[in-house]
Engineer: 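Take a look at this one; I'll ask things after.
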Protein chains: 2
Amino acid sequence: MNEYSVKKEVNDKYSLRGRVFHRIREDILNGKYRENEELREVAIGEELGVSRTPVREAFRQLELEGLIHIVPNKGAYVTGITSKDVRDIYAMRSLLEGLCARWATEHITEEQMEEMEENIYLSEFHAAKGHAEQLTELDSRFHEILYEASDSKMLKHTLSDFHEYVMRIRKQTLSDNTRSVQCNSEHRKIMEAIKAKDAEEAEKQARQHMINAYHHMAEHGLGAIYDSGREKNLKL
Amino acid sequence: MNEYSVKKEVNDKYSLRGRVFHRIREDILNGKYRENEELREVAIGEELGVSRTPVREAFRQLELEGLIHIVPNKGAYVTGITSKDVRDIYAMRSLLEGLCARWATEHITEEQMEEMEENIYLSEFHAAKGHAEQLTELDSRFHEILYEASDSKMLKHTLSDFHEYVMRIRKQTLSDNTRSVQCNSEHRKIMEAIKAKDAEEAEKQARQHMINAYHHMAEHGLGAIYDSGREKNLKL
DNA sequence: ACATGTATGATTGTATACAATCATGCATAA
DNA sequence: TTATGCATGATTGTATACAATCATACATGT
């Protein structure tokens, strides 16, 4: 349903600002607004039933997140992600998710551990049933749990950024069922290493998980969708 | 007409909006606004000579960067950097600076290589003379060159963020002369590995450089300045 | 025909007006 | 005394008015 439930709840409760921000972002991530499309403040404001002010504030945040690019006095344009950007992000994520898994091993709470196990159990169920939507949601949640378990505000923030950045691509990747199964098996390995308090192994598995996710993506349409015309040697 | 627009572009990279954002950001990082201090839109607007609108937009961005925390209908409060945050950032930087050095080895240009060598020569000169100011500047520049040489927009952006985040601490660290000497020696090792096209060694040295920088900082007043009351075991 | 200047409309940038909300302090009653 | 309710002021949230800027198209002169 909603990928960023925590953030959303906090913002939705009180102000338009959060709603506007998340609505526009979702529309970009879902591909409603396409690469290089110009976003006009009044048009989007009317669509969401608000004035320009909240829209502008949302634009500033979206720019900082890298989803749009604002040219002063001209307009806001949806930022394209090149295949090289994706490759670079996954390389960074590989290292940081590894670090995250290591720290999570040291700091995870009982409840987090239980939610993680439940997450994997559910994922395996939905993979067997072929429920793509739920799998996407559960995959996101698995990593969020990991981020929170690391007990590091900074690391969580950084990884969440990366995660959201590659969201649009991840969606179609996970809809491939063979990858879902392998993905779940990798999640399970990470979870078991954490449960066994084996930080070294958790780090290794988390890193490998990112590398595998990237390789699968690179081989299944990444180039076709986000063809930047460069850097086809996709070793990671 | 034309003269003005050209001049403007030269003067401020990102127009008024950017100036307001960067000014407030700098004031937070420099410690002008202290932890938990409430930032009022009108007060800051008056200080910068602008209305609330640009200030509000800047606040939204700063919140996303994690420098302030906005409570709806209440106010904006400066988020403190704890010693744990610094530790976490250095752990992340260690990995990513390593990756950066690796990629720099593969992509560095002639000019960048030359500027890096020149940077190290100058650093050694100023260290011998005890010029703290120049050393800070040169150290920042060394890492910037490295970021650009990596030829990765995403990595450069991430590392620049981290770099700025810990800037205020780095300043006093580098004013210690014994560390300056060691720091230069580590820069030299990184540079030589890159020059020898030894990516493995470059990565290793860059990682170690961050670990050393952090340890030195932790032993020279980090706790005193950024005492958050938690996490005193500063292993990295 | 081509280049240049200029009018025009559209869009963003900023300031301000007004509404909603919150914190504070005081008055009042148990 | 203590708790409750309300008035008041301060601050943020949103909408709108106005200024600055940019792109387009058309007119004019060569």
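Protein chains get the first letters and strands the later ones, always in sequence-line order, with residue 1 at the start of each.
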Engineer: Is the distance from OP1 or OP2 of D:dG13 to the nearest side-chain N or O of B:Arg60 less than 4.0 Å?
Structural biologist: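 Looking at the OP1 and OP2 atoms of D:dG13, one of them is under 4.0 Å from a side-chain N or O of B:Arg60.
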
Engineer: Produce the list of close N/O pairs, under 3.5 Å, pairing protein atoms with atoms of nucleotides 5-8 of chain C; give distances to one decimal.
Structural biologist:
none

Engineer: Between A:Asn73 and A:Ser51, which residue's closest nucleotide on DNA chain D lies nearer the 5′ terminus?
Structural biologist: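 Looking at DNA chain D, the more 5' nearest nucleotide goes with A:Ser51.
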
Engineer: Apply ring-ring contact (aromatic ring centres under 6.0 Å, His included) to A:His157 and list each qualifying residue two or more places apart in sequence or on a separate chain.
Structural biologist: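 In terms of ring-ring contact (aromatic ring centres under 6.0 Å, His included), with neighbours along the sequence ignored, A:His157 is linked to no residue.
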
Engineer: Please lay out, stage by stage, how B:Phe142 and B:His187 fare under the test ring pair (Phe, Tyr, Trp, His ring centres under 6.0 Å).
Structural biologist: CA-CA 8 Å; B:Phe142 176 86; B:His187 283 188; 3.8 Å; yes

Engineer: Mind checking B:Arg40 for me? I need base, sugar-phosphate or nothing, with any heavy atom below 4.0 Å counting as a touch.
Structural biologist: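 Sugar-phosphate, backbone atoms only, no base.
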
Engineer: Should A:Thr53 be listed as having a side-chain N or O under 4.0 Å from OP1 or OP2 of D:dT14?
Structural biologist: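 For A:Thr53, the contact criterion (side-chain N or O under 4.0 Å from OP1 or OP2 of D:dT14) is not met.
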
Engineer: Send over the distance from B:Glu41 CD to C:dA15 C1', rounded to a whole Å.
Structural biologist: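 Result: 13 Å.
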
Engineer: Can you work out whether A:Lys74 or B:Val42 has the more 5'-proximal nearest nucleotide on DNA chain D?
Structural biologist: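 By nearest-heavy-atom nucleotide position, the 5'-most residue is B:Val42.
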
Engineer: Starting the side chain at C-beta, find the nucleotide from D:dG13, C:dG13, C:dA15 nearest to B:Val50.
Structural biologist: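 Looking only at heavy atoms from C-beta outward on B:Val50, the closest nucleotide is C:dA15.
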
Engineer: So, OP1 or OP2 of C:dG13: does either fall under 4.0 Å of a side-chain N or O from A:Arg56?
Structural biologist: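 Indeed, a polar side-chain atom of A:Arg56 lies that close.
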
Engineer: Can you list everything that forms a side chain to side chain contact (heavy atoms under 4.5 Å, CB included) with A:Glu46? Sequence neighbours excluded, please.
Structural biologist: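 Listed in chain order: nothing, the list is empty.
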
